[in-house]
Chemist: 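I have a structure here, written as structure tokens, and I will follow up with some questions on it.
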Amino acid sequence: MEKQTKKFTKKRIVIGIIAFLIVAGLLFAYLNKVFSMGDDDANRQTFKALYSEPENTIDAVYFGTSASNRYFINPLAYKETGMTCFTMATMGMPMFFIPELAEEINKSQDPDMYIIELRWTLKSREQVTDAHIRRVVDNMKLSGNKIDALNKALEFMDGSKGMLGDISDKKIDYMVPIIKYHGRLAQQDMVPGDFKITSSKNETKGYVLSKSTTKQVNQFYSRLTEGKEPLSEEAEAALEEVLDFCDESGKEILFVLSPYSVKTDQMPVFSSAIETVEERGYTVINFNTPEMYEELDIDWDKDFYNSKHVNYIGAEKYTRWLTGYIDENYDLEDHRGQKGYESWDEAYDVYKDYVKDGIKTIGHKDKIGGKVTIIK
């Protein structure tokens, strides 16, 4: 009897330990969800949307920085031609992440086409910050691919100077979010959604809706200087890696340089990047020429919310032109009316509802780089 009692006691202890470990594990997972990048962060919401897309329903992926997710209105492209394009972009996203992001996407999707924004080719290693890395790595699901992306980022940043003092070289800081973000509560930097089990997702297929979408600030015509200037060593290496990836991808590839108020010293660098891409046999649409500004009917007083980004008026012009070009030159399927694509119609409804009242804020600046005065 005594032996049976001891045996029963040991069993209860083992069960108790297992139950404790399960509860502790679940609590730890929950706290890592709470103390991570904010639920209202647009970059996080984009990844959540990507992971929730039904398998094999995305035909094109648009990679880039905020010059992608503020420019291409994916639900509008679907409404116009039936193409399903998802924008996989984060603010300031380093170009070297594209191969790993494509691999992440290919776990559940089989897109026919990649569209790649060239804006990042202006950058150097000294202009990459901890936030640029975390907006990507923090939001990827744990896998070998995430670790590869993190290793690449830390290798790229090794020995960097200047703006990069805030970048940790400890992988654990990136793998366990609570280490980085545990101070958010004390800083009162939390929203109710942070405490929910599920996370909010982008509802417009990667196109970011924000107050800036309905803001209008006049901009100055681009300073389109001629000639060529070399890319930074890091940007050139990242571009070459992306081109090697494109060679092996088996996808249709299109590079773009979206329209904005280009500064005097920028176009020569872009010209070098465009030349590199074209020499590898890929098409580049450079929207920063007088001819393309005219063809898009760019209005520098009405189509932008700052010098680098269009508002929804400019985004609609850009989206319609680029969608028409893709529809004419590539063979992407028209999914309008097909079962399983209802969420694309819903996404269009979300977009139209958001912009239904038109421009809500109007700003004005008198000189290049000048302070913006809000007049509405």
Side-chain angles (χ1 to χ4, degrees), residues 29 32-33 36-37 39 41-69 72 74 83-117 120 128 130-157 171-177 180 198-208 238-239 241-255 343 347:
N32 268 296
K33 186 270 176 189
S36 60
M37 193 169 289
D39 185 69
D41 183 87
N43 308 285
R44 182 178 184 177
Q45 292 178 357
T46 295
F47 275 86
K48 291 296 180 182
L50 173 68
Y51 287 129
S52 70
E53 286 295 310
E55 288 191 8
N56 297 324
T57 55
I58 296 174
D59 291 340
V61 180
Y62 196 141
F63 292 106
T65 61
S66 55
S68 303
N69 61 28
F72 197 76
N74 309 82
M83 67 179 287
T84 54
C85 179
F86 190 97
T87 300
M88 184 65 261
T90 62
M91 289 180 281
M93 188 183 87
M95 180 175 273
F96 56 70
F97 277 128
I98 290 178
E100 282 71 31
L101 287 174
E103 182 174 337
E104 195 72 9
I105 290 166
N106 290 339
K107 291 177 181 179
S108 60
Q109 306 293 333
D110 186 21
D112 299 311
M113 183 179 190
Y114 294 144
I115 305 165
I116 301 173
E117 169 65 57
W120 194 83
V128 178
D130 180 69
H132 293 138
I133 295 174
R134 288 189 176 278
R135 286 168 187 156
V136 176
V137 175
D138 282 12
N139 292 308
M140 295 175 71
K141 289 183 177 180
L142 182 60
S143 68
N145 188 44
K146 173 173 179 168
I147 295 172
D148 289 343
L150 177 57
N151 287 338
K152 176 187 284 188
L154 296 182
E155 181 180 352
F156 185 88
M157 306 316 301
K171 295 180 185 178
I172 190 67
D173 290 353
Y174 295 90
M175 303 305 292
V176 184
K180 168 70 176 178
T198 57
S199 299
S200 302
K201 68 175 184 178
N202 177 289
E203 296 183 284
T204 41
K205 310 297 182 179
Y207 174 69
V208 173
L239 179 58
E241 181 179 4
V242 167
L243 289 168
D244 291 342
F245 156 75
C246 291
D247 290 345
E248 299 172 0
S249 70
K251 311 291 185 181
E252 297 281 5
I253 306 291
L254 176 64
F255 286 84
S343 67

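Only a predicted model underlies this, so the values are computations on that prediction, with no experimental measurement involved.
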Chemist: Between N202 and F47, does a side-chain contact (heavy atoms from CB on, under 4.5 Å) hold up when you go through it step by step?
Modeler: CA-CA 8 Å; N202 177 289; F47 275 86; over 6 Å; no

Chemist: Please enumerate all residues that pass side chain to side chain contact (heavy atoms under 4.5 Å, CB included) together with D110, with sequence neighbours excluded.
Modeler: N56, K251

Chemist: Measure the CD1-CD distance between I105 and E103 for me, rounded to the nearest 0.5 Å.
Modeler: 11.0 Å

Chemist: Please work out which of the three classes, parallel, tilted or perpendicular, describes the rings of F96 and W120, given edges at 30° and 60°.
Modeler: perpendicular

Chemist: Taking the side chain as every heavy atom from C-beta outward, state whether P111 and N106 have any pair of such atoms under 4.5 Å apart.
Modeler: yes

Chemist: Does anything in residues 88-97 pair up under side chain to side chain donor-acceptor pair (under 3.5 Å), and if so which pairs, sequence neighbours excluded?
Modeler: none

Chemist: So, for F86 and F72, is the gap between ring centers shorter than 6.0 Å?
Modeler: no

Chemist: Please check if atom CD in E241 has more than 12 non-hydrogen atoms from other residues, nucleotides or ligands closer than 6.0 Å.
Modeler: yes

Chemist: Run the ring pair (Phe, Tyr, Trp, His ring centres under 6.0 Å) check on Y207 and Y62 step by step: do they pass?
Modeler: CA-CA 10 Å; Y207 174 69; Y62 196 141; over 10 Å; no

Chemist: Taking C-beta and beyond as the side chain, do L254 and I116 meet within less than 4.5 Å on heavy atoms?
Modeler: no

Chemist: Do the side chain of T87 and the main chain of A89 share a donor and acceptor less than 3.5 angstrom apart?
Modeler: no

Chemist: Say you draw a straight line from CG of L50 to NZ of K141; how long is it, rounded to the nearest 0.5 Å?
Modeler: 9.0 Å

Chemist: Using a 4.5 Å cut-off on heavy atoms from C-beta on, say whether the side chain of E104 contacts that of K146.
Modeler: no

Chemist: If I take atom CE from residue M95 and atom CZ from residue F245, how far apart are they, to the nearest 0.5 angstrom?
Modeler: 11.5 Å

Chemist: Do K107 and N145 make a side-chain contact, defined as non-hydrogen atoms from C-beta onward lying under 4.5 Å apart?
Modeler: yes

Chemist: Short question: side chain of T65, backbone of A67 - any donor-acceptor pair under 3.5 Å?
Modeler: yes

Chemist: Can you tell me which residue pairs pass the salt bridge (charged side-chain N to carboxylate O under 4.0 Å, His left out) test with a partner in residues 52-67, sequence neighbours excluded?
Modeler: E53-K205

Chemist: May I ask you to test the S249-I253 pair for a side-chain heavy-atom distance under 4.5 Å?
Modeler: yes

Chemist: Are I115 and F255 close enough that some pair of their side-chain heavy atoms sits under 4.5 Å apart?
Modeler: no

Chemist: Going by atom types only, do T46 and N69 share a side-chain donor-acceptor pair under 3.5 Å?
Modeler: no

Chemist: Can you measure from CD (E117) to OG (S66) and round to the nearest 0.5 angstrom?
Modeler: 9.0 Å

Chemist: Would you please test V136 and M93 for side-chain contact (heavy atoms from CB on, under 4.5 Å) and show each step?
Modeler: CA-CA 7 Å; V136 176; M93 188 183 87; 3.7 Å; yes

Chemist: Under 4.5 Å between any side-chain heavy atoms of E252 and D112, yes or no?
Modeler: no

Chemist: How about Y114 and I98: do any of their side-chain heavy atoms sit closer than 4.5 Å?
Modeler: no

Chemist: From Q109 CD over to I58 CD1, what is the distance, rounded to the nearest 0.5 angstrom?
Modeler: 4.0 Å

Chemist: Measuring from atom CG of N74 to atom OG1 of T84, what distance do you get when rounded to the nearest 0.5 angstrom?
Modeler: 9.5 Å

Chemist: Between M140 and Y51, what is the shortest heavy-atom contact and its length?
Modeler: CA-OH, 3.4 Å

Chemist: Measure across P99 and K152 and return the closest heavy-atom pair with its distance rounded to 0.1 Å.
Modeler: CG-NZ, 4.0 Å

